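Some notes on the structure that comes next.
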Amino acid sequence: MIQLARWKVVLVVLSLVFGLLLAFPSMLTSEQRAALPGWLPKNGVNLGLDLQGGSYLLLEVDVPAMRQKRVNNLIEDVRVSLGEQRVNIGNLQREDGGVVITVADGAQFDTALKTLRDMVNTGVGSTGVSDRQVSRLSGNRIRYGFTDLAMANMGATAVDQSIEVVRRRLDSSGTKEISITRQGADRIVVQAPGQSDPAELERLVGQTAQLTFQMVDTSATGLQDALAGRVAPDSELLADDAGTPYLVKRRVLVSGENLTRANVGSDQSGRPAIDFQFDGQGARRFGEATAQNIGKPFAIILDGKVISAPTIQSPITGGSGQITGSFSIQTASELVNLLNGGALPAPLKVEERRVVTAELGADAVKAGAISTMIGFGLIIVFMIGAYGFLFGGISVLGLILNGILIVAAMSMIGATLTLPGIAGLVLTFAVAVDANVLIYERMRDEARLGRSPIATMDAGFNRAMGTIVDANLTTLVAALIMFMFGAGPVRGFAWTLTIGVFTSMFSSVMVAQVLLGYWLKVAKPKKLPIAE
């Protein structure tokens, strides 16, 4: 039997109060939000790229390049490890995912096999399974490489890591309301509302920021031979910004993966420099490398370019150091941002870039507002025309609270409203009023059977509830499927629709119950006007 329960009244009042508090900042500009008292919430609904204007980038992760780099590092590890065991290598033949080693001296075959198996065991990660494997071949040959599972997982891992790196870079640079989503197997969509220069985004995102420390090859004729086109297998020819050539060892002593912190500092001359700190593993490896190479130069390399090549004067065991060079405050700050954001595991290729102007966004906002008002107005006309000012008006009040709660929920979680999201908002109003239609039609049927007003209302709510839940559950499942498998605008539509399902259930049922219960208690009607 319908009752004016106190907890229902309190719940409706509290939802209205908190809904207004949370939705209010969305009606203000960012400057006005900042001036609000500290006890008031300041989060508002973020406008998407299509409403606010901004930049759009579609990036593709170069997974083959990353796999090639990983295999190159693996081959270099094989060369160095077997060299330390004084194994005479006859040939190294690169293959997909690995390398085939030919041992020149058959007597050293077992030593080479044991060394490579030890390398496999040291590659065991947190999963307890190594990502590498070794197998014996005929003719003193051994194959060493990544497992098929490791090669298959490299792509997905690279995309996930790239998304996190891009997010850290853009967040630390102050970009507001950035949206970074995965699209397909190896693509990333970056949407930056309010950012009018996609080239600037591309520049910040596209740098791999791969920092490595490698020894300089100081052999007597090494650099001259390299300049003549004869580069040793264990070395590579690089240059600095001025074009000065350096022959460096391929083996990486320490990489940016061991970097825990970087910040802008100054050298002894007061010029901008970059201070850095390694983690425990990096500090140990860096200390061992510097202790073994005192008096020799080592190169600090960023994205294949030598930043500086200082000479090791003494062991550096504290895990910290400084990179000096021709830095300005701006370039040093940008480099620190990239290093702290982390290195991209693979290069990113820009597949598409575009700019949505603020004027176009303003037109979209205006069109969305007009369509929402028209849809809301038509619903008001229909409900009042079909069910009168009392029942139709109560439905309209529920719709108003529904809209407030949707904006409040989106403000609270920092959701982004897009043009398809506005379409979801309009659809939500229709879904909400659909519940009232089911309730009222059931009441009308009961009233025509001559039941009392109390019994009519009770039957209207109770018997229509199953259909209401079923309809909203179906809508919710469809919205969740769109959110899970969709991207961009589809997700925006699904997100708004999902929030609307929950708020409409509350506003169309609970609000109608409270208001009609109060009216029934005060008016004590002999007959419901809905039956006419």
Side-chain angles (χ1 to χ4, degrees), residues 57-81 92-101 116-135 137 142-169 180-190 202 205-214 236 250-259 279 281-282 285 301-304 338-339 341-351 485 487:
L57 287 178
L58 177 61
L59 308 171
E60 183 177 16
V61 181
D62 194 349
V63 177
M66 181 208 63
R67 287 180 175 145
Q68 182 177 6
K69 176 184 173 183
R70 293 283 302 275
V71 173
N72 288 340
N73 292 339
L74 180 142
I75 294 174
E76 195 58 34
D77 287 343
V78 169
R79 193 192 309 275
V80 172
S81 298
L92 289 176
Q93 182 180 353
R94 180 191 178 99
E95 289 189 351
D96 289 340
V99 59
V100 174
I101 306 103
L116 294 175
R117 284 175 174 169
D118 290 341
M119 292 172 62
V120 169
N121 294 331
T122 58
V124 176
S126 58
T127 60
V129 180
S130 177
D131 62 350
R132 303 178 186 186
Q133 60 185 359
V134 60
S135 56
L137 303 177
I142 307 172
R143 188 189 186 281
Y144 178 75
F146 293 105
T147 63
D148 293 339
L149 180 60
M151 291 294 291
N153 290 338
M154 282 183 189
T157 302
V159 175
D160 292 338
Q161 292 176 349
S162 297
I163 289 175
E164 287 304 313
V165 171
V166 169
R167 179 174 289 111
R168 287 196 298 267
R169 289 182 181 182
I180 304 168
T181 56
R182 182 172 185 160
Q183 186 179 91
D186 55 1
R187 291 187 172 187
I188 301 172
V189 174
V190 179
E202 183 181 341
V205 168
Q207 299 183 58
T208 54
Q210 184 68 22
L211 180 71
T212 59
F213 295 79
Q214 300 167 228
E236 58 182 336
R250 288 185 180 272
R251 189 182 191 188
V252 175
L253 302 177
V254 190
S255 70
E257 295 176 355
N258 301 113
L259 203 66
D279 59 16
Q281 182 185 26
R285 294 172 61 182
I301 303 167
L302 179 69
D303 289 347
L338 294 175
L339 293 177
L344 286 170
L348 297 178
K349 297 185 293 185
V350 179
E351 294 293 315
F485 298 101

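Heads up: numbering here begins at 1 and tracks the sequence. Because the structure is predicted, anything quoted here is derived from the model rather than measured.
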Among residues at least two apart in sequence or on other chains, which ones pass side chain to side chain contact (heavy atoms under 4.5 Å, CB included) with Asp160? Arg182
Only counting residues at least two apart or in another chain, list the ones meeting side chain to side chain contact (heavy atoms under 4.5 Å, CB included) with Arg187. Leu58, Glu60, Gln183, Glu351
For Arg143, side chain to side chain donor-acceptor pair (under 3.5 Å) partners two or more places apart: Glu95
Would Val100 and Ile142 count as a side chain to side chain contact (heavy atoms under 4.5 Å, CB included) if you check the C-alpha gap in whole Å, the side-chain angles of each, and the deciding distance to 0.1 Å? CA-CA 6 Å; Val100 174; Ile142 307 172; over 6 Å; no
With Arg250 via side chain to side chain donor-acceptor pair (under 3.5 Å) - residues at least two apart: none
By salt bridge (charged side-chain N to carboxylate O under 4.0 Å, His left out), Arg285 pairs with (sequence neighbours left out) none
Note: Tyr144 and Val78 closest approach over all heavy atoms is CD2-CG2, 3.3 Å
Heavy-atom pair with the smallest gap, counting every atom of Val159 and Asp186: CG2-CA, 3.7 Å
List in chain and number order the residues that pass ring pair (Phe, Tyr, Trp, His ring centres under 6.0 Å) with Phe213, two or more places apart in sequence or in another chain; answer none if no residue qualifies. Phe276, Phe278, Phe286
State which residues pass side chain to side chain donor-acceptor pair (under 3.5 Å) with Glu236; sequence neighbours excluded, sorted by chain then number. Gln214
Less than 4.5 Å apart, any side-chain heavy atom of Val189 and any of Ile180? no
Return the minimal non-hydrogen interatomic distance between Gly98 and Leu74, and the atom names on each side. CA-CD2, 4.4 Å
I want to check something: taking the side chain as every heavy atom from C-beta on, are Leu59 and Val350 in contact at a cut-off of under 4.5 Å? yes
Distance, nearest 0.5 Å, that separates CG of Leu348 from OG of Ser162: 5.0 Å
Under 3.5 Å donor-acceptor pairs involving side-chain atoms of residues 146-157, not counting sequence neighbours:
| unit_1 | atom_1 | unit_2 | atom_2 | d |
| --- | --- | --- | --- | --- |
| Thr147 | OG1 | Ala150 | N | 3.1 |
| Asn153 | ND2 | Leu149 | O | 3.3 |
| Thr157 | OG1 | Asn153 | O | 2.8 |

How far apart are the C-alpha atoms of Arg67 and Asp96, what are their side-chain angles, what is the distance that settles it, and do they pass the side chain to side chain contact (heavy atoms under 4.5 Å, CB included) test? CA-CA 9 Å; Arg67 287 180 175 145; Asp96 289 340; over 6 Å; no
Taking all non-hydrogen atoms of both residues, which atom of Gly97 and which atom of Val71 are closest, and how far apart? CA-CG2, 3.9 Å
